[in-house]
Amino acid sequence: MRPPRIALFGGTFDPIHLGHTAISRAAVDQLDLDKVVFIPCRQSPHKDEAARATEDQRLEMLELAITELPWAEVSEIETCLPPPSYSWMTAECMREIFPGARLYWLVGEDQWNVIESWSRPYHLAEMVEFIVHHRGGHPAPKPGFRAHFIPGDHPASGTTIREEAPTRLRSEWIHPDVERFIRSNGLYGCGD
C-alpha cells in the first residue's frame, strides 16, 4: 500500500478564493493526492503588512470554502508556532502529524522563483516535494528540489478582492458562503 500523499498549502488566505481551490483540485487530480491541507499563515516572513482579516476570520472563511471538498482540510498549526511562519517549521510539525506520508508543498510560480530566499529552503526540500502552479509561464527545475509543475489560469486575486470590496465583490471569484461571511462581517471595507 502506498503512503498517503498530502499537499500542504500555506498562504495568507485573506480571503481564500476560488483560484486557491482550483489550484488545489488540479494538484489532487494530476498527482493523485489524498489530501490538501490549507494552512493559514500566522505572519508571513515575506510580507510587511499583516492580514486584514483576523486569524479566526481567515480560518472561518477557509472552513466555509472547503465544506464540499472531501479531500481538503484546514490546519491551525501556524497559530501555535512562534511568528514569523517559516515553512520548514510547519513541515516538521506536519511530518509528526502525518507520519509516513509523502508530503508536498504547493506554491505559485512567483514563490518558486525565490524559493532559495526562504528560511532553510534545502531543509524544507528534504521533507517535501514541491507542486508549482504556474499561469502559462515556464518555471524551471532547481537543483536540490523535487518539483511537479501544474498549469492553471484562474484569474482570482486576493489583492483585487480586497481592493474592490468597498464597491463590489466578485461572486465568480469567491465561494458563496465566503462572500456572505465577508459581507456580514464588513471585511475589507465591504458595507462601509
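The first residue in the sequence is number 1, and the count goes up from there. Nothing here was measured: the structure is a model prediction, and the numbers come from that model.
When atom types are taken as modelled, the side chain of Trp112 and the backbone of Phe149 share no donor-acceptor pair closer than 3.5 angstrom. A donor-acceptor contact shorter than 3.5 Å links the side chain of Arg58 to the backbone of Cys41. Using a distance-only test at 3.5 Å, with no hydrogens or angles considered, a donor-acceptor pair links the side chain of His20 to the main chain of His17. Counting only distance, with no hydrogens or angles, the side chain of Asp34 and the backbone of Ile6 share no donor-acceptor pair below 3.5 Å. Looking at Thr12, its side chain never comes within 3.5 Å of a backbone N or O of Asp14 through a donor-acceptor pair. Within the 3.5 Å criterion, the main-chain N or O of Gly108 finds no donor-acceptor partner in the side chain of Gln111.
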Val114 vs Ser117, test: side-chain contact (heavy atoms from CB on, under 4.5 Å). Steps then yes/no. CA-CA 6 Å; Val114 297; Ser117 71; 3.8 Å; yes

Mind running salt bridge (charged side-chain N to carboxylate O under 4.0 Å, His left out) on Asp32 and Arg2 for me, showing each step along the way? CA-CA 11 Å; Asp32 194 25; Arg2 73 170 174 82; 3.3 Å; yes

Is there a side-chain contact (heavy atoms from CB on, under 4.5 Å) between Leu33 and Trp71 once you walk through the steps? CA-CA 8 Å; Leu33 301 177; Trp71 42 263; over 6 Å; no

Take Val74 and Leu59 through the side-chain contact (heavy atoms from CB on, under 4.5 Å) test and state the conclusion after the steps. CA-CA 8 Å; Val74 177; Leu59 285 164; 3.7 Å; yes

Stepwise, does the side-chain contact (heavy atoms from CB on, under 4.5 Å) test hold for Val28 with Leu31? CA-CA 6 Å; Val28 167; Leu31 296 169; over 6 Å; no

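Between atom OG1 of residue Thr79 and atom CG of residue Asp56 there is a gap of 8.5 Å, rounded to the nearest 0.5 Å. Taking CD1 from Ile39 and OG from Ser75, the interatomic distance works out to 5.5 Å, rounded to the nearest 0.5 Å. With values rounded to the nearest 0.5 angstrom, Glu96 atom CD is found 11.0 Å from Met94 atom CE. With rounding to the nearest 0.5 angstrom, the CZ atom of Arg52 is 7.0 Å from the CZ atom of Arg162. Taken from CD1 in Ile161 to SG in Cys190, the straight-line distance is 11.5 Å, to the nearest 0.5 Å.
Arg135 has its side chain out of reach of Pro155: every pair of non-hydrogen atoms, C-beta onward, lies at least 4.5 Å apart. You'll find the side chain of Trp105 stays beyond 4.5 Å of the side chain of Ile131, heavy atoms only. Two residues are said to be in side-chain contact when any heavy atoms from C-beta on lie closer than 4.5 Å; Leu106 and Leu8 fail this criterion. At a threshold of 4.5 Å between non-hydrogen side-chain atoms, the residues Arg25 and Val36 do not count as touching. Between Pro121 and Trp88, every side-chain heavy-atom pair lies at or beyond the 4.5 Å cut-off.
The minimum heavy-atom distance linking Pro3 with Arg102 is given by the pair CB-N, 4.3 Å. A pairwise comparison of heavy atoms in Gly144 and Ala125 identifies O-CB, 3.4 Å as the closest pair. Scanning all heavy atoms of the two residues, the minimum distance from Ala91 to Leu103 falls at O-CD1, 4.3 Å. Smallest separation of non-hydrogen atoms from Glu109 and His138: OE2-N, 3.7 Å. Between Met127 and Arg146 the shortest heavy-atom distance is C-NH2, 4.2 Å. Taking all atoms of both residues into account, the shortest heavy-atom contact from Ala65 to Thr21 is O-CG2, 4.4 Å.
Here salt bridge (charged side-chain N to carboxylate O under 4.0 Å, His left out) pairs that include residues 73-82, with residues two or more places apart or in two chains, are Lys35-Glu73. Sorted by first then second residue, the salt bridge (charged side-chain N to carboxylate O under 4.0 Å, His left out) pairs that include residues 164-182, not counting sequence neighbours, are Glu164-Arg168, Glu164-Arg170, Asp177-Arg180, Glu179-Arg183.
Every residue meeting the side-chain contact (heavy atoms from CB on, under 4.5 Å) condition with Ala72, not counting sequence neighbours, appears here in chain and number order: Phe38, Ile66, Leu69. Pro83 pairs by the side-chain contact (heavy atoms from CB on, under 4.5 Å) definition with Arg42, Gln43, not counting sequence neighbours. For Glu60, the side-chain contact (heavy atoms from CB on, under 4.5 Å) partners are Leu64, Phe181, not counting sequence neighbours. In terms of the side-chain contact (heavy atoms from CB on, under 4.5 Å) criterion, residue partners of Ala22 (sequence neighbours excluded) are, by chain and number, His154.
At most 12 heavy atoms of other shown residues, nucleotides or ligands fall within 6.0 angstrom of atom CG in Asp153.
If you check the side chains of Glu92 and His123, you find a donor sitting under 3.5 Å from an acceptor.
Cluster annotation: Trp173 is connected to Leu187 through the hydrophobic network of ILVMFWY side chains, with a link wherever side-chain heavy atoms come within less than 4.5 Å. The cluster map of Ile, Leu, Val, Met, Phe, Trp and Tyr, joined by side-chain heavy atoms under 4.5 Å apart, puts Ile23 and Tyr104 in the same cluster. Note: the hydrophobic cluster containing Leu169 also contains Tyr188 (ILVMFWY, side chain heavy atoms under 4.5 Å, direct or indirect links).
A side chain to side chain contact (heavy atoms under 4.5 Å, CB included) with Val132 holds for exactly one of Val107, Asp110, Ile115, Ile150; it is Val107.
Phe13 and Phe9 have perpendicular rings, their planes meeting at more than 60° on a 0 to 90° scale where under 30° would count as parallel. Ring orientation note: the planes of Tyr122 and Phe145 are tilted relative to one another, at an angle of 30° to 60°.
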